[in-house]
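Here is the structure we will look at, set down as structure tokens.
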Protein chains: 2
Amino acid sequence: MPRTKAGGDRRSERRSDLLEAAQRAMAEHGAGVRLNQVAEEAGLTSGAILYHYPDLQDLLIDANRAGMERFYDERMKALDGVDDPAERLVITIRSGLPVDDDDEEVRLLCALGGEAARNTVYAVLLTSLFDRQVAMYQSILEMGRAQGAFTLANDSLSIARNLVALEDAYGYRIMAGHPSLDHGATAELILDYARLATTHPLAKES
Amino acid sequence: MPRTKAGGDRRSERRSDLLEAAQRAMAEHGAGVRLNQVAEEAGLTSGAILYHYPDLQDLLIDANRAGMERFYDERMKALDGVDDPAERLVITIRSGLPVDDDDEEVRLLCALGGEAARNTVYAVLLTSLFDRQVAMYQSILEMGRAQGAFTLANDSLSIARNLVALEDAYGYRIMAGHPSLDHGATAELILDYARLATTHPLAKES
DNA sequence: TCCCGTCCTGAATCCAAATTCAACAAGATT
DNA sequence: AATCTTGTTGAATTTGGATTCAGGACGGGA
């Protein structure tokens, strides 16, 4: 098998190039993205794409899976070295919202969300992302409760689900360019709920 | 101008037929719906559609506008004759969620939401729907406060925005067929928040 | 060096959808 | 009854993307 100096095989390197190209193309053109648009994004011809992925649908599914994975990983990484549950909660809320309406990662997720109502595969992917994010919040909430910092107003599963739901919805609003809802305003709205649900002040500067 | 027995002109009757056909077609096929698919839904040929709407985009925009209008009107109608703010709040929460994952009205809104991140016109339409729904909740919250039934934990605008956001997000979850989130479960999750925000018990049976 | 497998291009072909339009049906108007 | 208007079809044409494939570049191994 042909390998690069660094030791990776060329095939899987090229594939991950294609995944990124497909992510960009789908973020820009939506779920109905054309083969040629992916090819252009990759700097190749459509034949080359077909060589690696005979079925465009497979590529798009892999691309979305990879995109969701990256989104989730980045959020986890943002928590590195933070121990205080209140701080973890605030950071997590902020990292779930798009920075602005140009955020490509979230644009991809929005396209996916619209498609999931009609496409079972995308629905499964997004449902699993939702549940993983819920678990992430839930563990933060439980940790805060165990340490006595949070007094939860409902079961942690319900609160976690509402937090993820708020994030999701405000992500769409930001991407749609709502005139008075930006990253800061929506983070504050979600924090309003988090304060009610945890009975913790969750200071702005943490 | 040619008229029917009932007095409406044929042109606008046909147009509203087309709007409904376009709504069904877009709910089924997504934002990338084809002219032929709309025509089939309408029981006509593509030429006939083009006769009324030379540009498919215009038809789709009108169809979505009409769909959003209907959605909003139905929610208002569900409040007819209900005076108690707590009841109004519960009814409004329930009427904002799809009944199940086959709800065509919400399927259309989901398709629209995914597209809004890339299409300014759709973004404007959805933003305006969001804001109208916020206003609807806000008036209920203010009425409840005026009557002494609600003690709001935050300003009514913030609470109203969070309520609409929760609705939106759970609508997507239900349409994606989340295994444990159905109409009843999500309504209860939103009610959990509403109880915290209003300090009102909002009984299940109202 | 020569060969071989991998990866990719560009042209040819295929196909589905959009678009155009002459013709016609059916009411409405005179 | 004759004519006009509106709405529609179905066939012809155009368009644009998908698919196929022969050929070529390039690097690695003999």
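Chain letters run A, B, ... following the sequence lines, proteins first, then strands; residues in each count from 1.
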Separation of [N] [atom2] from [X] [atom1] (nearest whole Å):
X	N	atom1	atom2	result
E40(A)	dG16(D)	CD	P	15 Å
I49(B)	dA17(C)	CD1	C1'	14 Å
R15(A)	dT6(C)	CZ	P	14 Å
L35(A)	dC14(C)	CG	C1'	15 Å
Q37(B)	dA17(C)	CD	C1'	10 Å
L50(A)	dC14(C)	CG	C1'	14 Å
L59(A)	dT19(D)	CG	P	13 Å
Q57(B)	dA18(C)	CD	C1'	13 Å

Please tell me which of the listed nucleotides, [options], lies nearest to the side chain of [X]?
X	options	result
N36(B)	dT9(D), dA18(D), dA18(C)	dA18(C)
Y51(B)	dA18(C), dT6(D), dC8(C)	dT6(D)
R34(A)	dT8(D), dT19(C), dG17(D)	dG17(D)
H52(A)	dC8(C), dA18(C), dT19(D)	dC8(C)

task: State, yes or no, whether a side-chain contact exists between D103(A) and I174(A) at a heavy-atom distance under 4.5 Å.
output: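 Contact flag for D103(A)/I174(A) side chains = no.
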
Student check: side-chain heavy atoms of Y193(B) and L163(B) closer than 4.5 Å: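 A side-chain contact under 4.5 Å exists here.
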
task: Kindly indicate whether a cation-pi arrangement holds for R161(A) with F130(A), taking the cut-offs as under 6.0 Å to the six-membered ring centre and within 45° of the axis.
output: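 No, a cation-pi geometry is absent between R161(A) and F130(A).
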
- prompt: Below 4.0 angstrom, N of the basic side chain to O of the carboxylate: do R145(B) and E142(B) qualify?
  reply: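 Judged by the 4.0 Å cut-off on N to carboxylate O distance, R145(B) and E142(B) do form a salt bridge.
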
message: Any salt bridge linking R24(A) with E40(A)? Criterion: basic side-chain nitrogen under 4.0 Å from a carboxylate oxygen.
response: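 Answer for the salt bridge query: no.
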
Distance test, side-chain N/O of T45(B) to OP1/OP2 of dT9(D), below 4.0 Å: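 So the side chain of T45(B) is within the cut-off, an N or O lying under 4.0 Å from OP1 or OP2 of dT9(D).
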
query: Is the distance from OP1 or OP2 of dT8(D) to the nearest side-chain N or O of R14(B) less than 4.0 Å?
result: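 Answer yes for this pair, as a side-chain N or O of R14(B) is under 4.0 Å from OP1 or OP2.
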
message: Using a heavy-atom cut-off of 4.0 Å across all strands, would you classify L56(A) as base, sugar-phosphate, or nothing?
response: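 Nothing, no nucleic acid heavy atom in range.
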
